[in-house]
Protein chains: 2
Amino acid sequence: MVTDPTAQLRRGVAEQCVLGLLRERARYGWELAETLGEHGLVASIGTLYPLLARLRSRGLVEAFERESETGPTRKYYRLTDAGRRELAAFRGQWAEFSRTVDDLLGREPE
Amino acid sequence: MVTDPTAQLRRGVAEQCVLGLLRERARYGWELAETLGEHGLVASIGTLYPLLARLRSRGLVEAFERESETGPTRKYYRLTDAGRRELAAFRGQWAEFSRTVDDLLGREPE
DNA sequence: AGACACTATCTTGTGACGCAAGATAGCGGA
DNA sequence: TCCGCTATCTTGCGTCACAAGATAGTGTCT
């Protein structure tokens, strides 16, 4: 098994990106996994459910069920006020962190 | 023990920032730890030595010893050609990754 | 009916790696 | 001698993404 080294980058970030995706509307797990997968932020849907459980136990999201017209019942997640605050705080941390990394990596792209 | 959640962000990144710091000149472990510590990229010097050993075993850096005028012998590290290529490749991956995260977090800072 | 594909959730075991703490040792000064 | 600073390396732990698989509801085709 070759274990993609970029997987390490996603640690702690995938979680916050879920909060980001929920800031405008509630979404269900499968939907989040597809979106994050397209952006390369989770490699496997198995990653997502424990992550959502963690967010929930920290009170950053809350869940409710709604039936689908075409398949099994879906579990939707929405941001709580605490989740919104967490997201805002993380945006600041991320901005500083990514700027620092940009500096340390150096700018020359060639 | 409270385990700083931002520690997760550093995973996989600290390593590459070492390569970045070595791109202009060789540095020794203690020096790297101080610099990275100031930038908040390693919380403890204990993190650094296993990291350097990994970079070395992957052939991305090479080491040589040089005596200090004021203390114990230092072990310096310099980039190899492979390390330089790795750094260049990672810069591209990082640019894409951080842009994606910026998007998913959303832009409104308030 | 039965078989299959698709959607959907959740669980389990593994591995990578940053963290805190500490061991070891050379150096200089009080 | 003792202490503090520099310097390297090791150990045990916790977190979390990954792959793989279990479970089950729905729809379609035959």
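Numbered from 1 within each chain, the chains take letters A, B, ... in sequence-line order.
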message: I need a per-nucleotide contact map over nucleotides 25-30 of chain D, read 5' to 3'. Cutoff is protein heavy atoms under 4.0 Å; write B for the base, S for backbone only, - otherwise.
response: BSS---
- prompt: What are the two closest non-hydrogen atoms of B:A82 and B:G59, and how far apart are they?
  reply: CB-O, 3.8 Å
query: Taking CG from B:L9 and C1' from C:dA16, how many angstroms apart are they, rounded to a whole number?
result: 16 Å
message: If we ignore hydrogens and angles and just use 3.5 Å, is the side chain of B:R91 paired with the main-chain N or O of B:A88 as donor and acceptor?
response: no
field: Close residues, residues 33-44 of chain A, relative to DNA chain C [heavy-atom separation under 4.0 Å]
entry: none
- request: Measure across A:G106 and B:R23 and return the closest heavy-atom pair with its distance rounded to 0.1 Å.
  value: CA-NH2, 3.2 Å
Closest to the A:Q8 side chain, choosing from D:dC18, C:dA16, C:dA8: C:dA16
- line: A:S68 and A:T70 have their tightest heavy-atom pair at OG-N, 3.0 Å
Length of the CD-C1' vector between A:E65 and C:dC10, whole Å: 12 Å
- request: Kindly state each residue pair satisfying side-chain hydrogen bond (donor to acceptor under 3.5 Å, both in side chains) with at least one member in residues 92-102 of chain B, sequence neighbours excluded.
  value: A:W94-B:D102, A:D102-B:W94
- prompt: Separation of B:D4 atom CG from C:dG18 atom C1', in whole Å?
  reply: 10 Å
- prompt: Roughly, in whole Å, what's the span from CD in A:E31 to P in C:dA8?
  reply: 9 Å
Check: residues 29-48 of chain B side-chain donor-acceptor pairs under 3.5 Å, at least two apart:
unit_1, atom_1, unit_2, atom_2, d
B:E31, OE1, B:Y28, N, 3.2
B:E31, OE2, B:R25, NH2, 2.8
B:T35, OG1, B:E31, O, 3.0
B:H39, ND1, B:T35, O, 2.9
B:S44, OG, B:G46, N, 3.1
B:T47, OG1, B:S44, O, 3.1

message: Below 4.0 angstrom, which residues in residues 46-62 of chain B have at least one non-hydrogen atom near DNA chain D?
response: B:G46, B:Y49, B:P50
message: OP1 or OP2 of C:dG18 versus the side-chain N and O atoms of B:R10: is any pair under 4.0 Å?
response: no
- request: Using atom CH2 of B:W30 as one end and atom P of D:dC9 as the other, report the distance to the nearest whole Å.
  value: 13 Å
task: Return the value, rounded to whole Å, for the distance between atom CD1 of B:I45 and atom P of D:dA7.
output: 9 Å
message: Tell me which one of A:L52, A:L87, A:L60 satisfies side chain to side chain contact (heavy atoms under 4.5 Å, CB included) with A:V18.
response: A:L52
task: Provide, to the nearest angstrom, the distance between the NZ atom belonging to A:K75 and the C1' atom belonging to D:dA24.
output: 15 Å
query: Do any pairs count as a salt bridge (Lys or Arg N to Asp or Glu O under 4.0 Å) and have a residue in residues 58-75 of chain B, sequence neighbours left out, and if so which ones?
result: B:E15-B:R58, B:R58-B:E86, B:E62-B:R78
message: When you measure from the side chain of A:R27 to the backbone of A:L21, do you find a donor-acceptor pair of N or O atoms at a distance under 3.5 Å?
response: yes
message: OP1 or OP2 of C:dA8 versus the side-chain N and O atoms of A:Y28: is any pair under 4.0 Å?
response: yes
